2 protein chains.
Amino acid sequence: MISLSYAEENYLKGIYHLSDGGKKNVSTNDLSHEMKTKPASVSDMLRKLSEKKVIDYRKYYGVNITEEGTKQALQIIRKHRLWEVFLVEKLHFSWDEVHEVAEELEHVKSPILIQRLDEFLGHPKYDPHGDPIPDEFGDVKARPRMPLHELKNNDTGQIVAVKDSSAAFLRYLDKVGAYIGARIKVLDKVDFDGSLEILVDNKKTIFMSKDVAANILILQ
Amino acid sequence: MISLSYAEENYLKGIYHLSDGGKKNVSTNDLSHEMKTKPASVSDMLRKLSEKKVIDYRKYYGVNITEEGTKQALQIIRKHRLWEVFLVEKLHFSWDEVHEVAEELEHVKSPILIQRLDEFLGHPKYDPHGDPIPDEFGDVKARPRMPLHELKNNDTGQIVAVKDSSAAFLRYLDKVGAYIGARIKVLDKVDFDGSLEILVDNKKTIFMSKDVAANILILQ
DNA sequence: AAAATTAATTAGGCTAAACTAAATAATTTG
DNA sequence: CAAATTATTTAGTTTAGCCTAATTAATTTT
Ligand SMILES: [Mn+2]
Ligand SMILES: [Mn+2]
Ligand SMILES: [Mn+2]
Ligand SMILES: [Mn+2]
């Protein structure tokens, strides 16, 4: 297996995410935005990743991640999410504090480390944000999930993940009392702006904007 | 607190160790050997570390670590050793497998991470090789310890640390049955080559060369 | 105390990963 | 469909961290 640098790993992960798991073609500009670098830097990196055969790159036409690239991206994501679980379950981090740290830990190179960590955590299937953890072969157990803002009046379901893992968003969810695993029901949907009134665990009613709801993923 | 790069952290740690915790002056050549880089690269790095005030550097006369440098070195060592404890106690690594991985983990930047890890581990005082773990203020509980080859006939004591943490040495100790915490007694010391016959835990007799004994540290 | 040896530094290069500015390709618009 | 706009790449710099070769400083030897 070809070895990638810290920066290359981050780019590959960015490409994997923007391509929606390999389905879509990714543009230089979008990637530069994702990576917080300039398009010129992205062009440089794409050439290198292409030489390492983890992406297919046609100048001016964007990139597609290869089979090998997908495999590697999934292993980085596996590490990231396992570390997130560790931080929350064992070190009592809150779910809005883990992303940054996992962003570093995911690059530690030691296959045995990640295997043992997985065992130690009891082979978790999902990370603290509800995202599935790929297994050692890169297999992902995907659950069908739908953004909350697409639900109709009286629809019910369970919060299983968040689309946005930023600290600001997660802390907002903490404040209003939304969490992974919560059972919800749409009490009212305002036509004018798409904002929602939600019943949580048959107890608490919370109001949220369409933008917030769009970042909450529901299993029906 | 000035922020150091990954490479700078490793150099500073190297300087700290070679200087015996700040007591000795360190030469460019010795450091280049320690870091497995060329003396020219060391000169470059010393200039940079000097600008960051973590070392006192007089050209051609070697370096001394500053107060600030010592503080930072101790925090890196703290992280290194806490991670080693984690790997052994929680992930069931053997003591000869942890050093390399800790060498990477020690650079993860997150004060809260290391504080929580310390709590999770129950504030351990020593790492798997018997080395003391500095506390968050850089205070180290040093035990008086003596290399085994300096003991006399019939002297007794307890193995509390190893000087060499290489996998080869540690696996050799595993094989002969020497471990941290073992009670030992010197049964015989051969004048000719300094090799030793040792009684371990009043049960097992083991023979070892002077070189091996010199890397085993005893609390009397 | 000069000569020889050893240690350390400087000079000049290389690569990775970023950048800005300029050039060029692709796409959209009148 | 030519012109304008937007996206992307290329060219040329920068910085960190390494290298080799050449130079210079310090130390040891005769
Ligand atoms: Mn990362
Ligand atoms: Mn996550
Ligand atoms: Mn290290
Ligand atoms: Mn250790």
Side-chain angles (χ1 to χ4, degrees), chain A residues 1-16 18-19 24-65 69 72-73 76 103-104 106-109, chain B residues 1-16 18-19 24-65 69 72-73 76 103-104 106-109:
Chain A
M1 204 188 238
I2 287 148
S3 135
L4 301 177
S5 72
Y6 192 111
E8 287 169 340
E9 288 192 347
N10 281 335
Y11 269 95
L12 189 62
K13 200 155 59 87
I15 294 166
Y16 180 86
L18 290 181
S19 71
K24 292 203 278 266
N25 177 282
V26 176
S27 76
T28 298
N29 264 3
D30 285 356
L31 191 51
S32 93
H33 185 255
E34 172 83 6
M35 304 310 295
K36 300 184 202 321
T37 57
K38 301 291 160 177
S41 310
V42 171
S43 288
D44 268 0
M45 184 53 89
L46 292 182
R47 198 182 28 71
K48 285 195 296 179
L49 290 176
S50 179
E51 276 162 20
K52 295 196 172 179
K53 314 267 191 212
V54 291
I55 58 170
D56 282 328
Y57 176 41
R58 254 187 72 210
K59 275 181 195 172
Y60 294 104
Y61 290 91
V63 291
N64 290 93
I65 195 164
Q72 297 222 27
I76 305 164
E103 204 54 53
E104 284 193 63
E106 70 187 359
H107 302 290
V108 175
K109 278 171 187 47
Chain B
M1 202 187 240
I2 287 148
S3 136
L4 301 176
S5 71
Y6 192 112
E8 286 169 341
E9 287 192 348
N10 281 334
Y11 269 94
L12 189 62
K13 200 155 59 89
I15 293 166
Y16 180 86
L18 290 181
S19 73
K24 293 203 277 267
N25 178 281
V26 176
S27 76
T28 299
N29 267 2
D30 285 356
L31 190 51
S32 92
H33 186 255
E34 171 84 8
M35 304 309 295
K36 302 182 201 320
T37 57
K38 301 291 158 177
S41 309
V42 172
S43 288
D44 268 0
M45 184 54 89
L46 292 182
R47 197 183 28 71
K48 285 195 295 177
L49 290 176
S50 179
E51 276 163 18
K52 294 196 172 180
K53 313 264 192 219
V54 291
I55 59 170
D56 282 329
Y57 176 40
R58 251 188 73 212
K59 275 181 198 176
Y60 296 102
Y61 290 91
V63 290
N64 290 92
I65 195 164
Q72 297 222 26
I76 305 166
E103 204 54 53
E104 284 192 64
E106 70 188 359
H107 303 289
V108 174
K109 280 171 185 49

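Numbers restart at 1 for each chain; the letters A, B, ... are given by sequence-line order, proteins then strands. All figures in this text were calculated on a predicted structure; none of them were measured in a lab.
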### Query
Can you name the residues that form a side chain to side chain contact (heavy atoms under 4.5 Å, CB included) with A:Asp30, not counting sequence neighbours?
A:Leu18, A:Ser27
### Any residue meeting side chain to side chain contact (heavy atoms under 4.5 Å, CB included) with A:Glu104, in chain and number order, not counting sequence neighbours
A:Tyr6, B:Val108, B:Lys109
### Query
How close or far is atom C1' of C:dA8 from atom CD1 of B:Ile55, stated in whole angstroms?
14 Å
### Task
Mind checking side chain to side chain contact (heavy atoms under 4.5 Å, CB included) for A:Ala7 and listing every partner two or more places apart, or none if nothing turns up?
A:Ser5, A:Met45
Quick one: side chains of residues 51-64 of chain A, donor-acceptor pairs under 3.5 Å with protein atoms, not counting sequence neighbours, listed by atom name and distance.
{"unit_1": "A:Lys52", "atom_1": "NZ", "unit_2": "A:Ser3", "atom_2": "O", "d": "3.1"}
{"unit_1": "A:Lys52", "atom_1": "NZ", "unit_2": "A:Glu8", "atom_2": "OE1", "d": "3.0"}
{"unit_1": "A:Lys52", "atom_1": "NZ", "unit_2": "A:Glu8", "atom_2": "OE2", "d": "3.4"}
{"unit_1": "A:Asn64", "atom_1": "OD1", "unit_2": "A:Asn25", "atom_2": "ND2", "d": "3.0"}

### Task
Please work out if A:Tyr6 contacts a base, only the sugar-phosphate, or nothing of the nucleic acid, heavy-atom cut-off 4.0 Å.
nothing
### Task
Take nucleotides 1-12 of chain D nucleotide by nucleotide from the 5' end and write B, S or -, depending on whether a protein heavy atom sits under 4.0 Å from the base, only from the sugar-phosphate, or from neither.
------SBBB--
### Task
Take the protein atom NZ of B:Lys38 and the nucleotide atom C1' of C:dT6, then report the distance between them rounded to whole Å.
16 Å
## Note on the structure
Separation of C:dA16 atom C1' from A:Glu8 atom CD, nearest Å, is 9 Å
### Query
Roughly, in whole Å, what's the span from CD in B:Glu9 to C1' in D:dA16?
15 Å
### Query
Once you round it to whole Å, what is the distance between P of D:dA16 and NZ of B:Lys52?
8 Å
#### Entry: B:Asn25 CG - D:dT27 P separation (whole Å)
11 Å
### Query
D:dC19, D:dC18, C:dA17: which one has an atom nearest the side-chain heavy atoms of A:Lys48?
C:dA17
### Task
For residues 37-47 of chain B, pull every pair meeting side chain to side chain donor-acceptor pair (under 3.5 Å), keeping only residues two or more places apart or in separate chains.
B:Tyr11-B:Thr37
### Message
Between P on C:dA17 and CD on A:Glu51, what's the gap in Å once rounded to a whole number?
### Response
12 Å
## Note on the structure
In whole angstroms, the gap separating C1' of C:dA16 from CE of A:Met35 amounts to 15 Å
### Message
Given B:Lys13, which partner from the list B:Gln72, B:Glu34, B:Glu103 fulfils the side-chain hydrogen bond (donor to acceptor under 3.5 Å, both in side chains) test?
### Response
B:Glu103
